[in-house]
Structures are given as C-alpha cells and as structure tokens.
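Values below: all heavy atoms of this structure, side chains included; hydrogens, waters and symmetry mates excluded.
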Amino acid sequence: MPADAAIQLRDVAFEYLTNGRVTRAVEDVSLEVTRGATVAFVGPSGCGKSTLLKLVAGLLTTSRGTIIVDGRPVKGPLENVGMAFQNPVLLPWRTVLDNLLLPFEILRENGDPRAPDRAVWKDKASALLKTVGLAGAEHRQPRELSGGMRQRVSLCRALIHEPRLLLLDEPFAALDAFTREEMWELHQTLRRHREFTGVLVTHDLREAVFLAQTIYVMSADPGRIAHVHEVKLPTPRTLAQLYGAEATALIRLMREQIRPSREAVA
Amino acid sequence: MSGLVSRRVVLPLLLFAAVLAVWEAAVPLLRIQQIVLPTPSGIALTMVHTAGPIAFHARHTLVTTLLGFGFAVGLGLLLGFAIGASATVHDAIYPLLVGFNSIPKAAMVPLLVMWFGIGAVPAVLTAFLLAFFPVAVNVAVGLATLESELRDVLRALGASRWQIFRKVGVPRTMPLFFASLKVAISSAFVGSVISETVASNAGIGYLMAVAGSDFNTRLAFGGLFVLAAMGVLLYGVFAIIERRMTAWAYTE
C-alpha cells in the first residue's frame, strides 16, 4: 500500500436482506484515494454511491472485502470524519454557534483531546463561519437562514473538529444553481485552508468535475465501478473551465456512460 | 397582531353572550319549566348561593385531575422513550397499548371501585388511564422519527446511542411532548369527572350526580359551566406552556 493513500478499498461488497431476498448494493469495489485528494462517485440512482460513503465512514459494515483508512481497517464508525448531506439537519432549537458546538460537546464527553476548552472551540467556530461568508451569524437561529446558508453551517459542523476525511453525500443538491456554484468555490477555498481527503457523492457531473481529482462512474444493480476518469483541469479551478472543451468532453462522455445503466434499471 | 388576538377573544365572547341572551328570553317565551331548562340568570343565582360547596368540589376535581395527569406524564414519558428508542420494545408493547387504549375507560371504573372503594383513588386512576396514552405515543413518535442523516453525523463523531438520545432525541421530542400535554390534561379531566359521577363523594362529577338525583337542574347546569371553565383553563395553561417551551418549533 502506498504511503500516501488515505483510503483504500479492496474487493468491497455490501449486501442486505429485504423480504428474504439478497440485494447486492455494492460489489467488487477496489480503489485508493490519495491523501488530500477529493474523489467523486457519480452514477444512476440506486448504484450504491451513498452506501459506499457509509461503508468508508464505518456506519455500515462490509459484507466482504476490507476498507483501510489511514492505515487501519475500518471496524466501526470512524471518529475523524466530517459528514454533510443534502439535508443540512441543523438542530432547530440551537443557535448557529450552538450547532457548531455540538461536535465539541460530544468529543469532550468522550474525553477526546480535540476538544480542549469551549472558548477555543468558539473561536474556531467564528473563524470557520467567517471563511464560509457567515461572519457574525453565531447567534442566529437556523430557521432564519436560507437553504444555502444552512448548508454552509452544515459544512462548518462537518469541518470544525478538523477531520481527516470529509464525506459529502449530495450536499448541494437542494440548492439553486447559483448558490450551488458558490458552494463549489467555497469548498475549494476550504481545501486551501485545511487539509482533508474528500469523498463526494453526487448526481451533478459538473460538480464532480469541479471538485474532484478522480471521478468514479458507477453502474447499478449491483453497484460497481464502471469507469474511472482523472480530471486534469489545473487548480484552483474556475467556473469558466466547466464550459471549456476539456470539461465539456468529459461530462458528455460520462453522460453516455451513465445512460445505459439507467435504462437497465428502468 | 393585537387586532387578531382581540378578534379571537372578543368574537367568541360576543357569540356566547348572544346565546345566553336568546336562551334567557326563550325559556319564559316558550313556557319551558325551570326544572327542565332553567334560565342562565337562575343558574347564575344558584351558582352564587352555592359558591362555597362548588369551590370545594371544584378543588377536589382539580386535585384528582392533576394527580392522575402527573402520574400519566411520568409513565407516558418513560414508556414513550422506551418505545421510541428500541424497535424491540416498540414491536412488543405498541400493539398491546393500542388495544388497551381502545377500551372505554369508563368501563373500568366499577373494577377500580371494587379494588379501591369509593373516593378519590378511582378518580385519580381513571384520569391516569385516559391521559398516559397520548403522552407515550407522541414521545415515541418524536424519538422514532429522528433524521437518519443527523444520526450519521453524530455517529461519525463517535457519539454513543445514549448521547444521541440526550443531545438530539430528547430536545427534538419536546414539541410533541408539550403538544401531548394539552390532550392529556383534557383526557385526565374527563377521566376524573367520569369516575366522580359514578363512584365518589366529592368533586364536581359527584355534585352533578347529586343535583341530578335531587332534580336540581340549576345546580346541574352550574356544575356543567364550572367544568367547561375548568376544562378551558387547564387546556389554556398547557397551550401557553407549550408555546413558551418550544417556540423554535412554531416559527418555521
């Protein structure tokens, strides 16, 4: 195993029983993610993208194969992971700041050294809010925020304990097109500020091209990796690049690759 | 805003006054005997004359209702947490609970009287039996509908089930819990009055039963008005508590 592989999957499969029938959600997945890189999984609905993400986080257990994160096999929920989903799931009874203090409270109760004291954590929360363009929003209620702002807070919550892995499951799918593009740029900014390895699950091919260094195109039933693409666009990336010949060709190619799989499911 | 509130207070009061006025006029006009339907003024007069006993019985009803309600909230919370937190407990208890809830509780009063005799105990127990179900169900639903994404976010921080329950499950369930208190207090009130009517020697239910057997229609109506006022008051108190405790759930 290369020294710089943050995540390694070897012949990973995941099956579950529904009504006495075995459903093969993921099969034969082997890959490596370089430390500090972001990879994206794209594919039709039901191709096991989200399942793969949960397997990496240790929230689900593989049926076969092994997953190694930071040199250790994943046996249960990892603790150095940040997660964000399409639904920002902020706690509506807590202010923005108190939402960001939730990870702190849990880590401190569990005696984790990453939670030194509340004041330090509050400063971290404020600094992070500033980075995502929400300076001064500490005491606002989640219900007062727009969808994009909530998603920013959700990203802050995923990053505040400085996780080595950031796992994103369609985090921007519910946002309007302009806000989504803003969030892509924000994600890029965040990556310049701190080092984390990213795994992104998305339906949006442009999003995958903008954010990832490697894109895995999956096919459904069972979920397998059908194609792998390296995105060679220079970084930092710009939205204009997405309209260039190289990105357009890649997006068109991936669309063609996903289509037959979609028809098979239908 | 204040215009809306005064509308919501003034309009029903005006309608209530109008109904009383029509009633007052209709009784002599239609030559209805006072023993069948007394006039509101006659009822009011009787209520003033018997203010002492009415207050005594009202206090008794209030105490039995609140006692039964208190026990119901305690057990309802425990049961709701257990059902909401564990699929096994849910599958085992929930069907039985629904079955039990479909028993008309008035039918249990004779049994309670056999065990505990006539008095406050059957009233408290009837109030309790009617009131714990809504609390248990609401708390269980609140816990069971926790977003799976939120659970994943917390588990990825190393949170235990107990931590997820405390930090998210319980606060998230509070709006449903407080909403259930309004229903529970009304149910408890119904329960204690039912029991007093058939098996007690105190309480507004008892007062009305006695008034009925004496053909004291005015007093029976008086009891009815007192019950209505108490019911609205109890409901109102818990509706206000609900708003105060879980404001975040109402401004979305």
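- A salt bridge links B:Lys167 with A:Glu109: at least one charged nitrogen is closer than 4.0 Å to a carboxylate oxygen.
- Of the listed residues (A:Asn110, A:Leu90, A:Val81), the one with the most heavy-atom contacts under 4.5 Å to chain B is A:Asn110.
- Salt-bridge formation is not detected for the pair A:Glu79/A:Arg164: no Lys NZ or Arg NE/NH1/NH2 atom is positioned less than 4.0 Å from an Asp or Glu carboxylate oxygen.
- No hydrogens or angles considered: a donor-acceptor pair under 3.5 Å links the side chains of A:Ser126 and A:Glu138.
- Both the backbone and the side chain of A:Ile106 come within contact range of chain B, each with at least one heavy atom under 4.5 Å from a heavy atom of that chain.
- For a residue to count as touching a neighbouring chain, one of its non-hydrogen atoms must lie under 4.5 Å from one of that chain's; by this rule B:Gln163 touches chain A with the side chain only.
- Counting heavy atoms from C-beta outward, A:Arg143 and A:Pro92 have side chains that stay 4.5 Å or more apart.
- Only the side chain of A:Leu102 comes within less than 4.5 Å of a heavy atom of chain B; its backbone N, CA, C and O stay farther away.
- Within the 4.5 angstrom heavy-atom criterion, only side-chain atoms of B:Arg166, from C-beta onward, approach chain A.
- With a 4.5 Å cut-off on non-hydrogen atoms, A:Leu91 touches chain B through its side chain but not through its backbone.
- In terms of heavy-atom pairs under 4.5 Å with chain A, the best-connected choice from B:Ser160, B:Pro171, B:Ala159 is B:Pro171.
- In the displayed structure, A:Lys124 atom NZ is contacted under 6.0 Å by more than 12 heavy atoms of other residues, nucleotides or ligands.
- Other residues, nucleotides and ligands place no more than 12 heavy atoms under 6.0 Å from the CZ atom of B:Phe71.
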